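Because the structure is a prediction, the values reported are computed rather than measured. Just so you know, residue 1 is the first one in the sequence shown, and it goes up from there.
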Amino acid sequence: MTIKEIFDTMDYGPAPESAADAFAWLVDQGSRFGHFINGDFTTPGKGFESKNPATGEVLAELSQATKKDVDAAVKAARTAQGPWAAMGGSGRATYLYAIARLMQKHSRLFAVLETLDNGKPIRESRDIDIPLVQRHFYHHAGHAQLMDEEMSGREALGVCGQIIPWNFPLLMLAWKVAPALAMGNTVVLKPAEYTSLTALLFADICRQAGLPKGVVNIVTGDGAVGEMIVNADVDKIAFTGSTDVGRKIREATAGTGKALTLELGGKSPYIVFDDADLDSAIEGLVDAIWFNQGQVCCAGSRLLVQESVSERFHKKLRARMKTLRLGDPLDKCIDVGAVVDPVQHAEITRLVATAKNCTVHQSKVNMPAKGCFFPPTLIEGLSPADPLMQEEIFGPVLVTTTFRTPSEAVELANNTRYGLAATLWTENVNLALDIAPKLVAGVVWVNGTNMFDAAAPFGGVRESGFGREGGVEGLMAYTRPKGETKALTPIAAFEGAEAATAPAGIDRTAKMYIGGKQARPDSGYSKPVYGPKGNLLGHVGTGSRKDVRNAVEAAHAAKGWSKTTGHLRAQILYYMAENLAARAGEFAARIDAMTGKGEGTAEVEASLQRLFSAAAWADKYDGLAHGVPIRGVALGMKEPVGTIGVLCADEAPLLGLISAMAPVIAMGNRVILAASQAFPLAATDLYQVLETSDLPAGVVNILTGAHKDLGDTMAKHLNLDAVWSFSSTDLSQLIEVASAGNLKRTWVNNGQATDWARDHSKRFLQAATEVKTVWIPYGE
Ligand code: NAI
């Protein structure tokens with residue numbers, strides 16, 4: 001027999017992993033589970049079956065939590081939270097470390113149970129999911145240890161409700177639980193209804209680790225239980241799952257003051273340039289779309305290949321597909337396992353059946369006749385606007401198209417409502433580092449894909465959600481600044497007699513400031529502004545929807561601002577400060593005339609300081625290079641959020657506006673500022689300062705009018721990336737509900753006052769930026 005014949009005829013023998021220990025554990029638990037509340041399992045109640053998707057066999061019976069169960073879990077978490085936070089970081093680190101050790105000790109049991117419950121190949125649960133889980137707990141034991149020193153100005157949020165999906169059941173649990181606990185929070189977690197078993201095994205581990213009762217609570221059930229958690233007395237919701245549910249949660253938590261992070265869907269591009277190492281790019285693609293049967297939020301599900309190598313690449317791809325082995329997920333030789341449930345299988349089947357005017361390739365090597373198996377699929381020839389090119393399929397289905405030039409690749413890659421991840425392959429470092437910043441995505445992998453680590457922030461932009469998991473950014477999402485809160489006092493404009501007159505001969509009707517020009521309000525209406533004694537100070541335009549739209553357009557046209565250097569932005573901010581300082585007396589007098597409080601001079605002085613602070617930070621608020629366990633680096637690059645709408649504080653008409661504006665533009669964003677509703681004239685006086693400070697047109701736009709109307713339009717505008725409200729009228733709920741459309745980032749005051757005399761620049765810088773993690777492997 002020749003070597004060629006041996007290779008041609010060789011086949012894999014079955015190499016199944018034993019499931020005996022996992023079944024023994026299930027039997028030990030009575031194969032029926034209650035919830036894990038306050039350190040103990042409750043008596044199992046009415047519920048549902050958890051099945052092995054590869055065989056359809058019932059693995060266990062799970063309980064559907066009632067409102068009483070959820071309330072009990074939240075109560076236990078609430079009682080436990082104070083002592084858990086007060087224990088200090090090093091105390092909590094001991095427990096997290098103990099959990100990590102125990103998970104390592106039982107790693108095979110976890111891996112097998114995960115594969116039984118979810119259908120993913122054992123190779124993946126054993127070599128990827130479970131090691132990453134352990135790494136997450138070890139890494140966050142370290143963060144707990146360092147918290148008192150490194151996060152001294154921050155504290156735990158309190159009780160966190162955490163709702164996770166079924167694609168990486170234990171890994172998603174680790175991503176949620178480890179940072180929450182490290183920072184002193186307690187949790188109520190709901191695993192997905194298809195895959196709750198490893199979460200329940202984790203509960204057992206918490207018991208073994210001696211974790212104080214109530215720190216971790218786990219309730220099982222479907223979306224209705226998720227809703228109960230969202231509406232319960234919790235301080236934060238952390239959710240991973242579909243964009244539709246994410247949007248519902250955004251609406252449900254609006255205005256409640258609950259912190260929220262959403263990690264949602266994606267349709268991530270996988271870009272292959274003509275100079276890429278094509279064979280490596282093919283192997284990468286296998287990991288991008290057939291890893292975990294494509295049920296990966298950041299799956300490289302949209303292939304973009306440079307036209308010159310497209311034919312060769314697709315030929316290689318089709319050949320590689322033929323060697324992918326489907327089958328028993330417990331078999332160590334299997335590449336593609338079962339999808340999670342018949343419901344998901346039916347959905348993937350339905351979506352693929354909609355493919356029209358294209359070519360569908362499927363590879364069914366070894367495909368079992370029964371069970372939830374879906375063959376690796378490649379769809380060629382779709383137009384970029386086809387729903388299959390745009391919608392998340394969440395299965396082993398790859399769609400593909402070609403591009404000619406790098407700029408066309410970027411355009412196609414960004415042509416999506418999502419922005420979770422992107423992969424690019426090229427041997428040219430210049431090209432890679434030119435393209436990575438241009439991709440609208442929270443994570444970019446260069447010459448690799450689906451790399452994750454506890455030290456590297458993960459999360460999306462656009463409709464892929466907001467907030468980061470992993471790294472320091474992940475910790476920020478489980479903490480808040482320490483400090484007392486004070487209720488917001490609504491501030492009404494002073495009233496005056498219509499007959500009151502302004503000093504003769506001066507036109508006192510201020511316009512708005514849009515695209516670097518003074519513009520009349522579209523409504524054609526203006527309103528008088530009176531001083532404390534009812535004296536007329538001037539008029540301001542009543543801004544409306546059209547003015548907001550014009551301002552957003554102007555801001556978009558100024559997108560070049562985001563590409564300027566921090567150094568240049570600093571120069572402009574310093575220049576602004578100089579110009580404001582030259583007119584300090586005038587501004588102070590104006591503020592005093594409006595508010596009657598005599599604090600104008602102090603307010604102008606503090607405003608100058610904010611401009612100086614922002615200028616100082618403009619070239620120093622840097623990202624990080626993360627030490628991830630690969631030969632390479634993960635760069636955490638801070639990027640501007642984009643275009644931000646701000647309802648400025650009423651009580652500090654100049655300082656409130658500048659405190660927001662300065663850091664926002666320092667970080668390369670463009671901004672639409674709605675001036676103090678009660679005292680708008682300091683903002684309108686600022687136009688001349690902006691005009692004489694070399695600020696490009698459209699970077700700062702200022703509107704006047706009712707915060708409620710302007711805020712509502714801003715929050716609904718699909719081309720705004722964030723809306724913040726510091727208005728003295730509490731518009732938090734209105735803004736957060738309206739922002740759910742494109743899942744824009746919000747920062748609202750939730751009825752709490754801000755002490756503007758304090759410098760909050762760091763918080764503004766953080767809110768004005770989003771971290772993009774760029775993975776760059778190097779070396780041999
Ligand atoms: P889903 O978003 O409904 O489920 C995720 C989690 O949210 C589960 O624990 C579920 O019980 C819970 N949930 C459902 N409705 C809820 C509600 N109204 N309030 C609170 N929690 C709720 O996802 P599903 O239906 O399992 O999958 C549907 C599609 O979602 C998939 O085909 C895929 O496109 C996407 N998906 C995305 C994931 C990601 O990692 N980004 C993970 C899972 C699904």
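The CE atom of Met183 sits 14.0 Å away from the CZ atom of Arg480 when rounded to the nearest 0.5 Å. In this structure, CG on Leu264 lies 14.5 Å from CZ on Arg462, to the nearest 0.5 angstrom.
For Asp755, there are no salt bridge (charged side-chain N to carboxylate O under 4.0 Å, His left out) partners, not counting sequence neighbours.
In this pair, Phe726 and Trp747 present their aromatic rings perpendicular. The plane angle is above 60°, beyond the 30 to 60° band.
For Lys716 and Asp712, the salt-bridge test passes: some basic side-chain N is under 4.0 Å from an acidic carboxylate O. Ionic pairing of Arg468 and Glu770 is present here: one or more N-O contacts between side-chain nitrogen and carboxylate oxygen are shorter than 4.0 angstrom. Using a 4.0 Å cut-off between charged side-chain N and carboxylate O, Lys248 and Glu251 make no salt bridge. Between Arg250 and Glu736 a salt bridge is recorded (basic side-chain N to carboxylate O distance below 4.0 Å). Ion pairing between Glu463 and Arg247 holds under the 4.0 Å rule for side-chain N and carboxylate O.
A donor-acceptor distance shorter than 3.5 angstrom exists from the side chain of Lys638 to the backbone of Asp622, with no hydrogens or angles considered. Formation of a donor-acceptor pair under 3.5 Å by the Asp522 side chain with backbone atoms of Asp547 is not found in this model.
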Step-by-step side-chain hydrogen bond (donor to acceptor under 3.5 Å, both in side chains) determination, Arg417 to Gln390: CA-CA 8 Å; Arg417 63 192 170 106; Gln390 293 290 332; over 6 Å; no
Intermediate values then yes/no, side-chain hydrogen bond (donor to acceptor under 3.5 Å, both in side chains), Asp759 and Ser613: CA-CA 9 Å; Asp759 187 346; Ser613 263; 3.0 Å; yes
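Taking a 6.0 Å sphere around CD of Glu411, one finds it holds 12 or fewer heavy atoms contributed by other residues, nucleotides or ligands.
Taking the side chain as every heavy atom from C-beta outward, Thr479 and Glu155 never approach each other to under 4.5 Å.
Ring centroid separation for the pair Phe466 and Phe239 does not come in under the 6.0 Å cut-off.
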